[in-house]
Amino acid sequence: AYCFWEQGSGYSSQFGWFIPPILNRASLERAAERIAEVQAVVPVPVAIEPPPVSFVAGRMEVFEFFGELAERADCALLLDMGHLVSYEMATGRPVTDALGARPAERVIEVHVAGGEVQDASSGPTYIDAHEQDIRPETWEMLERMLPALPNVKALCFECEGVDEDAVLATLARLREDVRAGSSSAELVASLDAAV
């Protein structure tokens, strides 16, 4: 996704939102080339992440696109539950319908973060907002996705600007959710490791 323009560093704040990739073959080919460029200079495994979206362009499903991209580039996937919520809101279709085994086995990391929903003429739009509370839709997405992701090694709570007590309470809930619903034995076992 594009989140800044021209030269120099930047983030989505430059636009105020991400411009998602076009989910088609030409975009997939270009993305595979760019991932290969990164892999050529980064000595650690690369994980790609579907961005948050306020609209979707292209005919491929999100997991069809990112699953094939991860296979072609031989890289891992990182799934942010709020980003998946944004895809569902933008398309009106459940992401789990198109998950399939191929992309699921490549998911090694899961993120959760706060967000907000804004009303738009086309319907509600999910906005990534890490300083906000985790939305009920994001918790539900996590509960739906954890059983389908057998190779997750890490769960990250993105919580910039969140009060310490709220962070600790959220981490406790995340541990409970992982223990109750994750199909990744490695992730569940990590809960009992010394901190």
Side-chain angles (χ1 to χ4, degrees), residues 1-6 8-24 27-28 30-31 47-67 69 77-99 103 107 109-146 148-149 152 154-174 176-178 181:
Y2 282 100
C3 55
F4 62 91
W5 202 255
E6 298 179 354
S9 61
Y11 191 60
S12 59
S13 59
Q14 188 174 354
F15 284 154
W17 64 87
F18 286 87
I19 298 176
I22 299 170
L23 301 179
N24 64 17
S27 182
L28 192 146
R30 181 67 177 129
I48 58 175
E49 176 184 14
V53 298
S54 54
F55 64 91
V56 175
R59 296 180 185 253
M60 297 176 80
E61 294 288 338
V62 67
F63 287 134
E64 176 187 9
F65 181 91
F66 281 94
L69 180 56
L77 284 168
L78 182 165
L79 296 181
D80 184 300
M81 299 298 104
H83 298 186
L84 298 181
V85 168
S86 76
Y87 183 84
E88 285 191 347
M89 287 184 174
T91 63
R93 297 187 302 271
V95 294
T96 49
D97 288 355
L99 177 60
V107 178
E109 188 170 334
V110 168
H111 287 190
V112 293
E116 57 186 60
V117 174
Q118 295 179 355
D119 290 325
S121 59
S122 60
T125 300
Y126 179 90
I127 306 297
D128 228 18
H130 296 180
E131 72 284 356
Q132 300 290 327
D133 291 336
I134 297 173
R135 296 198 47 86
E137 301 94 332
T138 304
W139 285 113
E140 291 168 14
M141 182 66 71
L142 180 66
E143 291 169 7
R144 288 184 357 215
M145 293 298 291
L146 279 176
L149 306 173
V152 173
L155 190 150
C156 174
F157 171 36
E158 298 174 289
C159 54
E160 304 93 312
V162 177
D163 173 79
E164 179 181 349
D165 291 336
V167 170
L168 294 175
T170 300
L171 290 173
R173 178 172 176 182
L174 288 169
E176 291 173 16
D177 285 357
V178 167

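Small disclaimer: the values here were computed from a predicted structure and weren't measured.
Judged by distance alone, the side chain of Thr170 and the main-chain N or O of Ala166 form a donor-acceptor pair under 3.5 Å. Between the Ser86 side chain and the Pro52 main chain, no donor and acceptor come within less than 3.5 Å of each other. Under a 3.5 Å cut-off, the side chain of Tyr126 and the backbone N or O of Met89 do not form any donor-acceptor pair.
Residues Ala113 and His130 come closest through the heavy atom pair CB-CD2, 3.4 Å. For Leu84 against Val95, the heavy-atom pair with the smallest separation is O-CG1, 3.9 Å. The two residues Gly67 and Pro103 make their nearest non-hydrogen contact at CA-CG, 3.7 Å. Closest of all the heavy-atom pairs between Leu78 and Pro50 is O-CD, 3.4 Å. When all heavy atoms are compared, the tightest approach of Glu88 to Arg93 is CG-O, 3.3 Å. Nearest heavy-atom pair across Asn24 and Phe65 is O-CE1, 3.5 Å.
If you take CH2 on Trp139 and CD1 on Ile134, they are separated by 4.0 Å, rounding to the nearest 0.5 Å. Going from atom CZ of Phe157 over to atom CG of Leu174 covers 7.0 Å, rounded to the nearest 0.5 Å. In this structure, the separation between CD on Glu64 and CZ on Arg59 is 12.0 Å, given to the nearest 0.5 Å. Rounding to the nearest 0.5 angstrom, the gap separating the NE2 atom in His83 from the CE atom in Met141 is 12.0 Å. In this structure, CZ on Phe66 lies 10.0 Å from CE on Met60, to the nearest 0.5 angstrom. Separating the OG1 atom in Thr138 from the CD atom in Gln132 is a distance of 12.0 Å, to the nearest 0.5 Å.
Within a 6.0 Å sphere centred on CD of Glu160, other residues, nucleotides and ligands contribute more than 12 heavy atoms. Annotation: Ile22, atom CD1; neighbour count of heavy atoms from other residues, nucleotides and ligands within 6.0 Å does not exceed 12.
Residues Val107 and Met145 form no side-chain contact, since every pair of their non-hydrogen atoms from C-beta on lies 4.5 Å or further apart. Taking the side chain as every heavy atom from C-beta outward, Leu77 and Ile48 approach each other to under 4.5 Å.
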Exercise for the section: Begin with the C-alpha distance, continue with both residues' side-chain angles, and end with the deciding distance and a verdict on side-chain contact (heavy atoms from CB on, under 4.5 Å) for Leu79 and Phe63. Expected result: CA-CA 10 Å; Leu79 296 181; Phe63 287 134; 3.8 Å; yes

Practice task
Evaluate side-chain contact (heavy atoms from CB on, under 4.5 Å) for Glu61 paired with Thr91, printing each intermediate quantity in order.
Solution key: CA-CA 10 Å; Glu61 294 288 338; Thr91 63; 5.9 Å; no

Exercise for the section: Start with the C-alpha gap between Leu155 and Asp177, add the side-chain angles, then the distance that decides, and say whether side-chain contact (heavy atoms from CB on, under 4.5 Å) holds. Expected result: CA-CA 11 Å; Leu155 190 150; Asp177 285 357; over 6 Å; no

